[in-house]
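See structure below.
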Amino acid sequence: MELKDLPEDIATRVLEVQEKSGFVPNVFLTFARRPAEWRAFFAYHDAIMLREDSGLTKGDREMIVTTISAANNCLYCVVAHGAILRIYEKKPTVADQVAINYRTADITARQRAMLDFATKVNERAHEIDDADFEALHAHGFTDEDAWDIASVTAFFGLSNRMAGVAGMMPNPEFYLMGRIPRA
């Protein structure tokens, strides 16, 4: 799909992203093959990823996405969201560490508890029980934060699978983002 072929509302959003980042992330054009689904996908994305009244930081959310995308073998999302994670956390190595094995990454105990919960949601949501919530509470997370962790995890499970089906590859620009100063 090309920018010129997009419905006006989608083209406007894509151009805003291009203005901010300097390129058009492949996810925007790949998912635009079905405009109604594109709109729903990005509306939900924005609702969970840009939510301001959450106990999760933007870095926390990107750390969840990177971890879950790695577990789901989604190259696009690991590279793209790993880049965003590097920017938010201001630690160029943490995204790579999290993508390989968050359990040995240079992250806080709070972040590790968050990623333990996200990983269980991703792999065995049917086994979530009170002990999982208690583990989060011990690190200061609320039940609303647990919902946010689960929402981000579940949404990116969908995204990972669609990116895989589409054979979506990361834009080359993502590989250097957060590693070297922006020009």
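Since the model is a prediction, treat every value here as computed from it, not as a measurement. Side chains are part of it too, since the values below use all heavy atoms of this structure and drop only hydrogens, waters and symmetry mates.
Under a cut-off of 6.0 angstrom, the local environment of CG in Leu15 is crowded, with over 12 non-hydrogen atoms contributed by other residues, nucleotides or ligands.
When each of Val17, Thr12, Ile10 is checked for a side chain to side chain contact (heavy atoms under 4.5 Å, CB included) with Val14, only Ile10 meets the rule. Of the candidates Phe133, Tyr102, Phe141, Phe133 is the only one forming a ring pair (Phe, Tyr, Trp, His ring centres under 6.0 Å) with Phe117.
Shortest non-hydrogen contact noted between Lys91 and Asp106 is NZ-O, 3.5 Å. Nearest heavy atoms, Ala99 versus Ala70: O-CB, 3.1 Å. Minimum interatomic distance between Thr66 and Gly82 (heavy atoms only, all atoms of both residues): OG1-N, 3.5 Å. The minimum heavy-atom distance between Arg179 and Pro92, with the atom names listed, is NH1-O, 4.1 Å.
Side-chain contact check for Leu29 versus Glu2: every heavy-atom pair is 4.5 Å or farther apart. No side-chain heavy atom of Ile149 sits under 4.5 Å from any side-chain heavy atom of Leu115. In this structure the side chain of Phe31 reaches within 4.5 angstrom of the side chain of Met162, judged on heavy atoms. For the pair Pro172 and Phe23, the minimum side-chain heavy-atom distance is 4.5 Å or more. In this structure, Pro7 and Arg39 have side chains that are in contact, with non-hydrogen atoms separated by less than 4.5 Å. Residues Arg103 and Thr119 form a side-chain contact, since some pair of their non-hydrogen atoms from C-beta on lies under 4.5 Å apart. Inter-residue side-chain proximity for Leu56 and Arg51 is flagged as unmet; no heavy-atom pair is nearer than 4.5 Å. Under the 4.5 Å side-chain criterion, counting only non-hydrogen atoms from C-beta, Phe156 is not in contact with Ile64.
Formation of a donor-acceptor pair under 3.5 Å by the Arg13 side chain with backbone atoms of Asp9 is not found in this model. Checked by atom type and distance alone, the side chain of Asn171 pairs as donor or acceptor with a backbone atom of Asn26 at under 3.5 Å. For the pair Asp60 (side chain) and Gln111 (backbone), a donor-acceptor distance under 3.5 Å is absent.
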Discussion item. As a quick check of understanding, evaluate side-chain contact (heavy atoms from CB on, under 4.5 Å) for Met168 and Cys77, giving each step before the final call.
Written reply: CA-CA 9 Å; Met168 196 166 35; Cys77 291; 5.9 Å; no

Discussion item. I'd like to know whether Arg86 forms a side-chain contact (heavy atoms from CB on, under 4.5 Å) with Val94, so could you lay out the CA-CA distance, the side-chain angles of the two residues, the decisive distance to 0.1 Å, and finally the verdict.
Written reply: CA-CA 7 Å; Arg86 285 191 295 274; Val94 77; 5.8 Å; no

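Phe155 and Val65 end up in the same hydrophobic cluster when Ile, Leu, Val, Met, Phe, Trp and Tyr side chains are linked at under 4.5 Å. One hydrophobic cluster, built from ILVMFWY side chains closer than 4.5 Å, cannot hold both Val27 and Val78; they sit in different ones. In the hydrophobic cluster analysis, where Ile, Leu, Val, Met, Phe, Trp and Tyr join through side-chain heavy atoms closer than 4.5 angstrom, Ile107 is grouped together with Leu136. Residues Ile68 and Tyr88 do not share a hydrophobic cluster, clusters being chains of Ile/Leu/Val/Met/Phe/Trp/Tyr side chains in contact below 4.5 Å. Val121 and Tyr44 fall within a single hydrophobic cluster, where Ile, Leu, Val, Met, Phe, Trp and Tyr are joined by side-chain heavy atoms under 4.5 Å apart, directly or via other members.
From Lys120, atom NZ reaches atom CG of Asp129 across 5.0 Å, with rounding to the nearest 0.5 Å. For the atom pair NE2 (His81) and CE (Met49), the distance works out to 6.0 Å, reported to the nearest 0.5 Å. Taken to the nearest 0.5 Å, the CD atom of Glu16 stands 10.0 Å off from the CZ atom of Phe28.
In this structure, Phe41 and His45 have parallel ring planes: the angle between them is below the 30° cut-off, well short of the 60° mark. Aromatic ring orientation, Tyr76 versus Phe174: perpendicular (interplanar angle above 60°, classes split at 30° and 60°).
In this structure, a donor-acceptor pair under 3.5 Å is absent between the side chains of Asn122 and Thr153. In the model, Asp145 has a side-chain atom that pairs as donor or acceptor with a side-chain atom of Thr142 under 3.5 Å.
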